[in-house]
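Below is one structure, written out as structure tokens, with a few remarks after it.
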Amino acid sequence: MYDRRVKLDLHSGRRAAFGARAAVARVPVHYWVFVLLLVFTVAMPKAGIGINGTPLTFGYMLLAAFAPVALVGLFRRPDFSAVPTMNLLLGYLPISLFVTYKLLSYGTILSLIVLTTILAVLPLIILLAYAPYLEDFTEDQIGAPIKWCIRIVVIWGLMNFFLYALTKNFIEINYLTINQIDLGAIYSKNNRRGVLMKLVSTYNNGNLLGSCLIMMAPVYLFFEKSRAFIAAFCLAIVLTLSRTAWFGLAAVFSLLILFGRIRLTRPFIWLGVAAAVMVVIIALPYMGWTSDRVVDVNLGGRLVYWSDLSLSLFGARDVRIYEILYASFLQSFGVVGFALALTALGFPLVYGLINLKRLSPLRVSALLGVCAYLLVAFFDAAFIYPPTIAQFLFLSALLYRRGYRGDRVRQAPVPTVPRRGMTLAEAGRRI
């Protein structure tokens with residue numbers, strides 16, 4: 001006898017398959033550009049070449065290459081994204097003009113190129129050219145590449161960490177997982193920890209990886225549903241063997257609890273905390289550390305940036321950005337430049353807190369990522385190194401995203417047309 005329930009299941013399966021094919025067909029072409037940019041700014045941010053000893057990453061080059069096309073495409077868009085443009089004009093434009101003027105007067109060409117790229121070029125590209133396109137993608141379309149990019153980072157990092165611990169060797173893929181000029185030099189780049197090497201993955205530095213993973217953590221955890229990958233993600237941050245990353249991990253989970261994204265009643269949370277503490281305790285002797293070094297009141301020698309700080313209105317002639325970002329801003333740019341820089345970086349935080357009740361869960365996650373980075377910047381911001389500022393600007397743009405444009409179009413009220421003919425006055429009012 002033919003089972004009617006099977007028939008219904010078959011029909012529903014066909015409808016689901018048709019819906020999946022239709023969803024794939026609706027993916028816009030520029031979505032694949034978005035995926036490509038994520039691959040080279042999140043999964044493999046150090047992929048690239050070197051020219052005269054200066055690394056050029058594929059991620060930054062692709063951001064610049066697609067920007068003109070994205071800007072041209074904005075002229076065909078039905079609406080305008082005002083908030084990221086305000087962040088650009090009220091925040092990054094003033095500080096970039098200030099820094100450019102100062103470096104043209106006192107700085108070097110290299111420092112001018114680096115800081116104008118960070119404070120002017122990348123904000124212009126991401127906030128003005130790319131941010132509006134995020135509204136063309138659904139949350140699932142945004143989340144899938146983010147999730148897989150970070151999974152790649154975690155898997156590659158854990159594999160190489162344990163491979164080095166066992167064999168004193170690790171795998172490098174030139175031009176992809178490592179920049180051309182850094183081939184064979186990763187261990188010597190402040191990545192030693194006793195007989196261990198920090199987990200560096202494709203970021204080639206433990207502190208840089210820690211800062212970026214902490215920043216991306218709330219958005220990644222919003223999309224990630226696998227407990228195994230969540231555990232691996234937290235383990236990877238712990239094995240960066242960076243006190244800044246450890247502090248950042250604690251800060252992220254505190255923020256998630258504070259904003260109601262994690263319930264303390266879940267046993268999985270407490271098991272994770274206990275496991276992280278145990279990993280640190282086990283790793284300490286291999287790092288050559290005693291327990292008193294876990295909390296270093298001298299901040300690993302960085303406290304000198306605060307103790308030697310000399311306040312002035314416009315800063316010292318010598319412009320240098322060290323690990324502690326805020327002390328560097330005060331020293332190099334003075335009180336005026338510090339206020340301008342803080343306006344640029346703090347704009348998404350202020351915007352998010354003011355509009356908190358209207359934000360979707362994804363936008364709240366982006367807000368928490370911004371907040372986490374601004375906290376980590378007290379210890380080790382990795383500000384001038386790719387891909388830090390690109391990821392920070394991406395989270396800012398994600399926070400400013402109003403939602404999926406397709407939903408807004410479908411929900412827009414349809415204008416009613418009167419059945420009788422319109423008078424000239426009614427036609428004029430409609431025009």
Side-chain angles (χ1 to χ4, degrees), residues 23 26-35 37-38 41-42 63 66-67 69-93 122-147 215-216 218-223 255 259-261 343-374 389-415:
R26 287 195 296 269
V27 172
V29 174
H30 53 273
Y31 175 72
W32 304 111
V33 175
F34 168 72
V35 172
L37 293 176
L38 281 179
T41 55
V42 176
L63 282 169
F66 288 115
V69 180
L71 285 170
V72 171
L74 290 180
F75 290 102
R76 301 176 57 188
R77 303 190 67 79
D79 54 8
F80 174 70
S81 298
V83 181
T85 305
M86 288 174 61
N87 190 180
L88 176 67
L89 296 179
L90 301 180
Y92 288 100
L93 180 61
L122 287 173
L124 177 68
I125 289 173
I126 295 176
L127 294 179
L128 184 63
Y130 290 134
Y133 289 96
L134 288 176
E135 299 181 8
D136 291 347
F137 315 138
T138 65
E139 288 191 357
D140 288 341
Q141 289 171 340
I142 292 172
I146 292 176
K147 182 171 64 177
M215 179 167 42
M216 296 294 295
V219 172
Y220 170 69
L221 295 175
F222 174 78
F223 289 114
L255 288 170
F259 281 77
R261 310 308 300 274
T343 300
L345 297 176
F347 187 97
L349 178 62
V350 174
Y351 169 83
L353 292 176
I354 291 174
N355 296 279
L356 185 60
K357 292 183 178 180
R358 297 191 300 161
L359 299 182
S360 67
L362 175 57
R363 296 174 72 188
V364 172
S365 299
L367 170 63
L368 297 184
V370 167
C371 185
Y373 176 73
L374 294 178
I389 191 63
Q391 292 188 10
F392 182 84
L393 291 167
F394 167 68
L395 289 178
S396 300
L398 200 56
L399 169 61
Y400 301 145
R401 175 181 176 268
R402 294 166 294 181
Y404 176 48
R405 190 185 309 278
D407 291 338
R408 295 206 308 273
V409 171
R410 283 193 294 270
Q411 294 170 4
V414 179

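Here the structure is a predicted model, which is why all the values come from computation and not from measurement.
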query = Is any side-chain heavy atom of Ser396 closer than 4.5 Å to a side-chain heavy atom of Tyr400?
reply = yes
message = So which atom in Leu127 and which in Ala131 form the shortest heavy-atom distance, rounded to 0.1 Å?
response = O-CB, 3.4 Å
note = Nearest heavy-atom contact between Ala366 and Leu399 is CB-N, 3.8 Å
inquiry  = Please find the pair of heavy atoms, one from Leu122 and one from Leu63, that lie closest to each other, and give the distance.
reply    = CD2-CD1, 4.0 Å
inquiry  = Has Thr138 got a side-chain atom pairing as donor or acceptor with Gln141's backbone, closer than 3.5 angstrom?
reply    = yes
query = So, Arg401 side chain and Leu362 main chain: donor-acceptor pair closer than 3.5 Å or not?
reply = no
remark   = Nearest heavy-atom contact between Pro218 and Gly369 is CG-N, 3.6 Å
query = Hey, are the side chains of Met215 and Phe392 touching, using non-hydrogen atoms and a 4.5 Å cut-off?
reply = yes
Test log, rule side chain to side chain contact (heavy atoms under 4.5 Å, CB included), inputs Ile146 and Phe394 = CA-CA 11 Å; Ile146 292 176; Phe394 167 68; 3.7 Å; yes
task = Check the angle between the aromatic planes of Phe347 and Tyr351 and answer parallel, tilted or perpendicular using the 30° and 60° thresholds.
result = parallel
request  = Could you verify whether a donor N or O on one side chain and an acceptor N or O on the other, from Tyr92 and Asn87, lie under 3.5 Å apart?
outcome  = no
query = Is Tyr130 close to Leu37 at the side-chain level, that is, under 4.5 Å between some pair of heavy atoms?
reply = yes
note = On a heavy-atom basis, the closest approach of Asp136 and Tyr404 is O-CE1, 3.3 Å
message = Over 60° means perpendicular and under 30° means parallel, so tell me whether His30 and Tyr133 are parallel, tilted or perpendicular.
response = perpendicular
inquiry  = For Val219 and Leu368: C-alpha separation, side-chain torsions, deciding distance, then whether side chain to side chain contact (heavy atoms under 4.5 Å, CB included) applies.
reply    = CA-CA 8 Å; Val219 172; Leu368 297 184; over 6 Å; no
query = Do Tyr373 and Gln391 touch side chain to side chain, with heavy atoms closer than 4.5 Å?
reply = no
